[in-house]
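Comments concern the structure below.
For the single chain, residues carry numbers from 1 onward in sequence order. The shown structure was predicted, so the numbers you read here are calculated from the model rather than taken from an experiment. One-based numbering, in listed order, for ligands and for the atoms of each.
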Amino acid sequence: MPTLRPMTHTPTTPGALQGQVAFITGAGSGLGAAFARRLARDGATIVINDLSPNAAAEVAAEVGGETAIFDVCDSVAFDAEIDKAVARHGRIDILVNNAGIAPPTDTDRVQQAIANQMARMEGRIDDLVPPNSTVELSDEDWDRMIKVHLYGTFYGTRAALRHMTPARSGAVVNVSSVLGLRPMAGAMHYATAKAGIIALTKSVGQEVAPYGIRVNAVCPGWIDTPLLGAMDPMMMAGIVMQIPKGRMGRPDELAELVRFLCGPESSYCNGDVFAASGGFA
Ligand code: NAD
């Protein structure tokens, strides 16, 4: 894989988030941690949510922020923690609904997918073996995937809007995925949850647009974070071959987009959806 070089310039105004309070879910790792670093660099005070107290504490120490340890599927906890942040700081300006999980890698299924691909290329259609990803998906796995992504995004957005609406100000950024725009076989529940986040974003974005609040979504492509760490290397190599840019993305490249959507520079973005996928979307 080619070396990933850090970015050398940004299109946003340094320090533009001074005095603002940003609440970021799943910010103990990967993209969320990169968002925390980026928003803190422009002056925001960050509240780091995660399930992992240690991971959250580490990022909070780095950015001079605070932690809020709870499961985003718990609406009571979400309301309470947003209210606490507002009680402490007198405001909430930014919410990034980022917490997420990936479907577990099933090595047998990956091997079968590769064998199926070979059979397809050789025209041996009768040799294809059905993957049964949907048939074998359990109620529990379906529920958890939809809850973390879709319910979590709803709970967070609702809790933040209760404060942003009277303030007539605020920015919500929802983290969807390219798979919400371009679903792939084998991760139907993930793609469905991420597509739901796009619809939620557009609907709520339209609702609150006249009241000084912006709700937008980002659709990251394949980004180098611990989320993809468990993916089969053969499968990952096959995916990278389909990315026109020729490589995975870096969390800091997504953080630049999220920073733009959180700040005054994106004043005309409302209920809009932005992919950063190296051309994959
Ligand atoms: P990651 O695994 O590095 O980080 C996700 C964080 O969310 C973890 O710290 C985890 O503890 C936390 N989390 C998980 N469930 C939670 C819950 N119920 N409540 C609170 N915290 C929870 O993953 P990442 O790649 O940084 O993913 C962040 C977001 O970006 C996810 O929504 C993911 O679906 C999305 N995304 C990632 C990619 C990618 O290629 N990495 C692509 C598209 C979209």
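Within the 4.5 Å cutoff, the side chain of Val173 has no heavy atoms near those of the Phe35 side chain.
Among pairs with a residue in residues 161-217, those fulfilling ring pair (Phe, Tyr, Trp, His ring centres under 6.0 Å) read His149-Tyr190, at least two apart in sequence or across chains. Applying the ring pair (Phe, Tyr, Trp, His ring centres under 6.0 Å) test to every pair with at least one member in residues 93-114, sequence neighbours left out, gives no pairs at all.
The aromatic rings of Phe70 and Phe23 sit tilted, their planes meeting at an angle between 30° and 60°.
Taking the ring axis of Phe280 as reference, the NZ or CZ atom of Arg182 stays within 45° of it and closer than 6.0 Å to the ring centre.
Every residue meeting the side-chain contact (heavy atoms from CB on, under 4.5 Å) condition with Gln112, not counting sequence neighbours, appears here in chain and number order: Ala115, Asn116, Val129.
Within 4.0 Å of ligand 1, contacts by protein heavy atoms are made from Gly26, Ser29, Gly30, Leu31, Asn49, Asp50, Leu51, Phe70, Asp71, Val72, Asn98, Ala99, Gly100, Ile101, Arg144, Val148, His149, Val175, Ser176, Ser177, Tyr190, Lys194, Pro220, Gly221, Trp222, Ile223, Thr225, Pro226, Leu227, Leu228.
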